[in-house]
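Below is one structure, written out as structure tokens; the observations come after it.
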Amino acid sequence: MKYKIVNLNTSATTNPKSSVLIIYTGGTFGMALDETGSLAPFNFSLVIEKIPELKAFDLKITVISFPEPEDSSNINTRHWVDLGYIIYENYSQYDGFVVLHGTDTMAFTASALSFMLEGLNKPVIFTGAQIPIGFLRSDARENLITALEIASANNDGKPIVNEVCVYFNYFLLRGNRSQKLRSSTFAAFESENYPKLAESGVFIEYNYAYLRPHDPNEKLKFNSHFDDNVAVVKLYPGIPQSVLEQIFNTEGLRAVILETFGSGNTMKYDWFLSLLRNANEKGIFLYNVSQCIGGKVIQGRYETSKMLSDIGVLSGSDITTEAALAKLMFLLGSGLSTERVKDLLIRPIRGEMT
Ligand code: ASP
């Protein structure tokens with residue numbers, strides 16, 4: 001793929017205090033109305049013209065743009081790997097990374113990158129906007145400027161943030177804990193089960209106790225294989241047996257995320273339980289993730305979940321569906337043994353669950 005690279009003409013001195021690579025993937029941030037009146041992404045050189053403030057930074061800023069900026073609804077595992085590779089390839093040359101991404105699937109991509117980039121010791125900050133940069137009331141300007149501040153922040157030369165995060169509407173969240181919960185307010189993202197990592201006001205106040213600590217001995221490892229033979233099944237009252245049978249009998253299926261009720265409860269119908277049993281016997285991983293955004297799965301708390309552990313369903317505790325999907329695709333692509341994958345599914349590997 002042909003990426004467009006632009007070095008921004010900032011007010012950086014010959015020895016700027018820091019350097020940041022911005023990767024522009026698309027999203028509302030850089031969209032404009034097309035001839036039909038729908039929002040569609042446009043070229044990043046036009047985006048830069050709309051934020052003259054960028055020039056005031058004493059930072060070396062480089063922008064790499066995806067050849068075709070995408071609405072994030074079109075993002076798939078191939079884009080995840082491209083994005084991870086850009087960061088991996090440029091890792092030693094920049095102090096931090098800002099990823100401009102559509103908000104719709106930002107939490108999925110941020111989760112995927114957290115698994116892909118093992119031993120990360122620099123900030124990778126995802127941000128975007130609910131209103132495009134060219135519009136008067138846009139939130140794009142504040143989101144990008146603060147994301148750049150965070151991506152270049154350090155204490156005594158050590159980066160403050162050493163993980164993949166989402167910065168949006170004054171808050172910094174752990175990427176693999178974040179979820180897009182709202183589409184029409186500026187406060188689009190939350191991380192209900194993990195404290196916010198920073199709040200931007202007059203100062204940027206970091207929540208040091210919850211940030212991943214810096215470890216200079218770790219070397220970055222790039223894991224680039226994702227296996228997307230995963231289904232997400234949201235349970236609902238009255239779900240037909242035939243619908244679930246079709247999904248569970250999908251050719252090549254390797255894992256099912258069961259989005260369950262409350263603290264991990266499901267129906268107890270015989271046909272449903274035998275569907276789960278058969279799937280487990282066929283080697284399909286079954287991962288229990290709650291439909292509730294807050295709280296966690298506790299198999300055995302109710303009688304409607306106590307049979308699940310015996311069947312082989314694994315508890316996702318308080319993981320989000322977004323992180324669960326990225327984690328499963330990552331683990332299935334890792335070539336690890338079944339037992340090892342099961343073991344890693346029930347425990348945190350990048351701070352994605354408690
Ligand atoms: N549909 C857009 C996207 O995810 C929404 C946004 O960026 O806010 O690309």
Side-chain angles (χ1 to χ4, degrees), residues 1 3-4 22-51 54 63-84 86 97-114 124-148 150-151 164-173 175-191 200 228 232 293 320-323 325-326 329:
M1 262 210 267
Y3 290 91
K4 294 176 196 130
I22 299 176
I23 306 157
Y24 174 60
T25 69
T28 298
F29 190 101
M31 288 188 183
L33 292 172
D34 66 12
E35 30 334 307
T36 66
S38 296
L39 284 169
F42 64 89
N43 196 300
F44 196 75
S45 9
L46 297 174
V47 176
I48 300 166
E49 282 170 24
K50 306 213 186 298
I51 323 178
L54 287 182
V63 183
I64 295 190
S65 170
F66 270 23
E68 294 297 333
E70 296 282 3
D71 184 301
S72 75
S73 308
N74 291 320
I75 296 281
N76 57 39
T77 53
R78 183 179 52 79
H79 299 97
W80 294 352
V81 175
D82 286 350
L83 191 51
I86 294 174
F97 300 84
V98 169
V99 181
L100 293 175
H101 194 286
T103 58
D104 288 348
T105 66
M106 187 185 291
F108 290 92
T109 308
S111 299
L113 273 258
S114 77
V124 174
I125 313 297
F126 277 72
T127 196
Q130 295 278 60
I131 302 183
I133 187 72
F135 290 45
L136 211 51
R137 293 180 50 252
S138 174
D139 49 337
R141 190 169 286 98
E142 196 290 316
N143 284 345
L144 175 58
I145 287 172
T146 306
L148 281 166
I150 294 170
V164 179
C165 293
V166 166
Y167 175 76
F168 215 86
N169 192 50
Y170 306 109
F171 290 107
L172 183 73
L173 311 174
N176 58 29
R177 292 290 196 143
S178 68
Q179 288 184 292
K180 181 175 178 181
L181 297 186
R182 300 175 201 99
S183 60
S184 58
T185 71
F186 289 129
F189 289 87
E190 294 292 344
S191 70
S200 159
D228 54 12
V232 180
I293 56 159
T320 63
T321 300
E322 291 84 337
L325 184 81
M329 288 182 174

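Numbering of ligands and ligand atoms starts at 1, following listing order. Computed from a predicted structure; not experimentally measured. Values below: all heavy atoms of this structure, side chains included; hydrogens, waters and symmetry mates excluded.
Polar contact check, Lys180 against ligand 1: no nitrogen or oxygen pair lies under 3.5 Å apart.
Ligand-side atoms of ligand 1 in range of Gly27: 7 (O), 9 (O), range being under 4.0 angstrom from any heavy atom. Listed by number with element, the atoms of ligand 1 under 4.0 Å from a non-hydrogen atom of Asp104 are 1 (N), 2 (C), 3 (C), 4 (O), 5 (C).
Contact detail for Ala107 and Glu322: the closest heavy-atom pair is CB-CG, 3.9 Å. A pairwise comparison of heavy atoms in Leu173 and Ser178 identifies CD1-CB, 4.1 Å as the closest pair. Closest approach of Thr105 to Ser73, counting heavy atoms only: CG2-CA, 4.3 Å.
Interatomic distance, CH2 of Trp80 versus CZ of Phe108, reported as 7.5 Å (0.5 Å rounding). Distance check: Asp71 CG to Leu39 CG gives 9.0 Å after rounding to the nearest 0.5 Å. Taken to the nearest 0.5 Å, the CD1 atom of Ile75 stands 5.5 Å off from the OG1 atom of Thr109.
Residue, atom and distance of the protein heavy atom nearest to atom 6 (C) of ligand 1 are Thr28 OG1, 2.7 Å. Nearest non-hydrogen protein atom to atom 4 (O) of ligand 1 is Ser72 OG, 2.5 Å. Thr103 OG1, 2.4 Å is the protein heavy atom nearest to atom 8 (O) of ligand 1.
For Ala129, the heavy-atom gap to ligand 1 drops under 4.0 angstrom.
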